[in-house]
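Below: the structure, in structure tokens.
None of the values given here were measured: they were computed from a predicted structure. One-based numbering along the sequence shown.
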Amino acid sequence: MPVARSLAIAAAIATAPNVVQAENLPFYQGKQITIVAGFTTGGTYDATARLYARHLGKHLAGNPSVIVRNMPGSGGLVATLYLNNAASKDGTTLGVVGGGVVLEPLLGNPQANYDARRINWIGGRTRDNIVCATWNKVPVRTMADVTKRETLVGASGPGSRTLTHPRAFNELLGTKFKIVSGYPGGSEITLAVERGEIEGYCGWSVGSIVNRASDWLHDGTLTLLAQFTRDLPNVPVARDLVPTETGKRAIDFLSADVVLAWPLVAPPDLPAERVDELRTAFLAMMKDPELRAEAAKLRLEIAPVPGREMQALVEQLYGSPPDVIELVKKINSAQ
């Protein structure tokens with residue numbers, strides 16, 4: 001056998017195990033995951049994204065490194081557009097966005113050129129309650145008071161419940177919330193309330209309030225005008241305040257954010273096996289004692305929502321009756 005041919009065969013035999021080994025490596029081996037956070041640093045969405053980043057990698061085969069990149073704007077819409085249109089579709093780019101981004105395509109926002117059903121919902125840190133509240137020095141104590149007095153509330157912009165919820169109360173209850181838009185995120189709205197720049201915050205996550213100052217829920221710092229679940233005693237439930245059945249169903253539609261709160265999502269078009277891998281890792285991460293201990297220190301509740309449940313809810317929203325969709329569109333387009 002010619003020497004050259006012998007050397008070639010020997011080289012092939014020597015390298016074959018390496019080729020097989022490389023093919024069998026976990027997908028995430030040697031890779032870095034970027035979690036795009038749709039809000040500014042310092043808020044609860046950012047804290048949630050960074051909690052995920054510190055623990056997700058050890059529950060994925062290959063133990064990838066994970067970093068966070070903040071991409072604030074329009075209640076998470078900017079980050080959602082990036083995930084949909086520009087991010088890599090292989091599982092190395094994930095996102096933490098507001099659940100309200102589901103509503104924007106349904107409600108005719110021309111910027112929301114995506115189908116939220118195609119977003120891959122990996123899992124949620126916990127369900128949450130949403131409230132409408134004013135600072136204690138503001139002379140309103142009930143929603144009925146806000147029908148008589150103009151009350152300033154802050155909002156981030158389209159795609160955010162901070163805009164949709166006060167508009168819904170104005171449309172369905174006749175309140176006089178005056179909405180000041182343009183805040184980058186919830187932490188900035190909270191600071192504006194504390195400073196007296198605005199008087200209240202509708203679409204305020206109870207989880208965010210607890211993260212900021214848990215005493216606010218019961219020490220009189222805040223006047224809680226309405227809640228979207230029945231978790232808090234002696235606080236009116238938004239659905240119960242609305243007089244019409246279509247209005248109640250519109251509130252139910254807007255209440256989806258209770259389940260879609262604090263999500264980890266992935267772009268469309270990921271391979272099914274990658275979505276399954278991420279969902280399995282997410283639920284394992286949520287059981288991790290180290291994550292739970294850190295979350296307790298950060299005052300972040302852990303009661304995980306499986307990604308499949310979130311995905312099913314999004315499908316349900318897309319099947320809402322036309323009269324409900326039209327009413328929520330009217331609310332969303334109000335000035």
Treating Ile, Leu, Val, Met, Phe, Trp and Tyr as nodes and any side-chain heavy-atom pair under 4.5 angstrom as an edge, say whether [X] and [Y] lie in one connected cluster.
{"X": "Leu278", "Y": "Val36", "result": "no"}
{"X": "Leu254", "Y": "Val237", "result": "no"}
{"X": "Leu283", "Y": "Leu291", "result": "yes"}
{"X": "Ile130", "Y": "Val101", "result": "yes"}
{"X": "Val102", "Y": "Val305", "result": "yes"}

Answer whether the closest heavy-atom distance between the side chains of [X] and [Y] falls below 4.5 Å.
{"X": "Met143", "Y": "Pro236", "value": "no"}
{"X": "Thr34", "Y": "Thr92", "value": "no"}
{"X": "Leu264", "Y": "Phe282", "value": "yes"}
{"X": "Ile198", "Y": "Val153", "value": "no"}
{"X": "Pro268", "Y": "Asn84", "value": "yes"}
{"X": "Ile209", "Y": "Tyr201", "value": "no"}
{"X": "Ile331", "Y": "Leu327", "value": "yes"}
{"X": "Pro267", "Y": "Leu270", "value": "yes"}

Using the side chain to side chain contact (heavy atoms under 4.5 Å, CB included) rule, take Leu77 and Tyr114 through it: C-alpha gap first, then chi angles, then the decisive distance, then the call. CA-CA 10 Å; Leu77 183 60; Tyr114 55 87; 3.5 Å; yes
Residues forming a side chain to side chain donor-acceptor pair (under 3.5 Å) with Glu194, sequence neighbours excluded: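 Here the qualifying residues are Arg212.
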Taking side chain to side chain donor-acceptor pair (under 3.5 Å) as the test, write out the residues that go with His55, two or more places apart.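 His55 satisfies side chain to side chain donor-acceptor pair (under 3.5 Å) with Lys58, Glu294 once adjacent residues are dropped.
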Give the minimum heavy-atom separation between [X] and [Y], together with the two atoms involved.
{"X": "Val138", "Y": "Thr151", "result": "CG1-CG2, 4.5 Å"}
{"X": "Pro271", "Y": "Lys89", "result": "CD-O, 4.1 Å"}
{"X": "Leu173", "Y": "Pro243", "result": "CD2-CD, 4.3 Å"}
{"X": "Thr93", "Y": "Ala87", "result": "CG2-CB, 3.7 Å"}
{"X": "Leu224", "Y": "Ala133", "result": "CD2-CB, 3.8 Å"}
{"X": "Val193", "Y": "Gly200", "result": "CG2-O, 3.7 Å"}

Kindly assign one of parallel, tilted or perpendicular to the pair Phe169 and Phe177, based on the angle between their ring planes and the thresholds 30° and 60°.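 Taking Phe177 first and then Phe169, their aromatic rings sit tilted (interplane angle of 30° to 60°).
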Do the ring planes of Phe228 and His165 sit parallel (below 30°), tilted (30 to 60°) or perpendicular (above 60°)?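 Phe228 vs His165 ring planes: parallel.
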Rounded distance (nearest 0.5 Å) linking atom [atom1] of [X] with atom [atom2] of [Y]:
{"X": "Asp128", "Y": "Leu260", "atom1": "CG", "atom2": "CG", "result": "12.0 Å"}
{"X": "Trp262", "Y": "Thr48", "atom1": "CH2", "atom2": "OG1", "result": "5.5 Å"}
{"X": "Phe39", "Y": "Ser187", "atom1": "CZ", "atom2": "OG", "result": "10.0 Å"}
{"X": "Leu25", "Y": "Lys31", "atom1": "CG", "atom2": "NZ", "result": "8.5 Å"}
{"X": "Ile33", "Y": "Leu60", "atom1": "CD1", "atom2": "CG", "result": "5.0 Å"}
{"X": "Thr126", "Y": "Leu300", "atom1": "OG1", "atom2": "CG", "result": "10.0 Å"}

Using modelled atom types and a 3.5 Å cut-off, is there a donor and acceptor pairing between side-chain atoms of [X] and backbone atoms of [Y]?
{"X": "Asp46", "Y": "Gly42", "result": "yes"}
{"X": "Asn120", "Y": "Val265", "result": "no"}
{"X": "Thr147", "Y": "Ala144", "result": "yes"}
{"X": "Ser88", "Y": "Asp90", "result": "no"}
{"X": "Arg279", "Y": "Pro306", "result": "no"}

Cut-off 3.5 Å, side chains only: do Asn70 and Thr41 have a donor facing an acceptor?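 No - no donor-acceptor pair under 3.5 Å links their side chains.
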Do Arg239 and Gln227 have side-chain N/O donor and acceptor atoms under 3.5 Å apart?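 Note: Arg239 and Gln227 side chains miss the donor-acceptor criterion.
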Pair Thr221-Asn136, side chain to side chain donor-acceptor pair (under 3.5 Å): steps then yes or no: CA-CA 5 Å; Thr221 298; Asn136 59 359; 5.0 Å; no
Mark yes when over 12 heavy atoms from residues, nucleotides or ligands other than Arg117 sit less than 6.0 Å from its CZ; otherwise mark no.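 Enclosed.
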Around Gln111, counting heavy atoms of other residues, nucleotides and ligands shown, do more than 12 lie under 6.0 Å from its CD?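 12 or below, so no.
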Residues 178-185, side-chain donor-acceptor partners within the protein, below 3.5 Å, at least two apart:
none

In sequence, state the C-alpha distance, the side-chain angles, and the governing distance for Glu199 and Arg149, and then conclude on salt bridge (Lys or Arg N to Asp or Glu O under 4.0 Å). CA-CA 12 Å; Glu199 298 175 313; Arg149 179 190 182 276; 2.7 Å; yes
Does the salt bridge (Lys or Arg N to Asp or Glu O under 4.0 Å) test come out yes or no for Asp288 and Arg292, once each step is laid out? CA-CA 6 Å; Asp288 187 331; Arg292 286 180 168 266; over 6 Å; no
Is Arg69 close enough and on-axis enough to Tyr82, meaning under 6.0 Å and within 45°, for cation-pi?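 Yes, Arg69 lies over the aromatic ring of Tyr82.
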Any salt bridge between [X] and [Y], counting N to O under 4.0 Å?
{"X": "Asp276", "Y": "Arg308", "value": "yes"}
{"X": "Asp252", "Y": "Lys248", "value": "no"}
{"X": "Arg125", "Y": "Glu301", "value": "no"}
{"X": "Arg161", "Y": "Asp257", "value": "yes"}
{"X": "Lys176", "Y": "Asp145", "value": "no"}

Just to verify, which of Met286, Lys287, Met285 counts as forming a side-chain contact (heavy atoms from CB on, under 4.5 Å) with Ile302?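 Of the listed residues Met286, Lys287, Met285, the side-chain contact (heavy atoms from CB on, under 4.5 Å) partner of Ile302 is Met286.
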Of the options Thr175, Thr223, Thr134, which is the one that meets Val140 in a side-chain contact (heavy atoms from CB on, under 4.5 Å)?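 The side-chain contact (heavy atoms from CB on, under 4.5 Å) with Val140 is passed solely by Thr134 among Thr175, Thr223, Thr134.
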Which is it for Val96 and Tyr52 under the side chain to side chain contact (heavy atoms under 4.5 Å, CB included) test, yes or no, and what are the steps along the way? CA-CA 9 Å; Val96 170; Tyr52 294 162; 3.9 Å; yes
Does the pair Leu83 and Ile119 meet the rule for a side chain to side chain contact (heavy atoms under 4.5 Å, CB included), with working shown? CA-CA 9 Å; Leu83 291 170; Ile119 295 171; over 6 Å; no
Start with the C-alpha distance between Leu103 and Phe253, add both sets of side-chain angles, then the distance that settles side chain to side chain contact (heavy atoms under 4.5 Å, CB included), and finish with yes or no. CA-CA 9 Å; Leu103 308 183; Phe253 185 94; 3.2 Å; yes
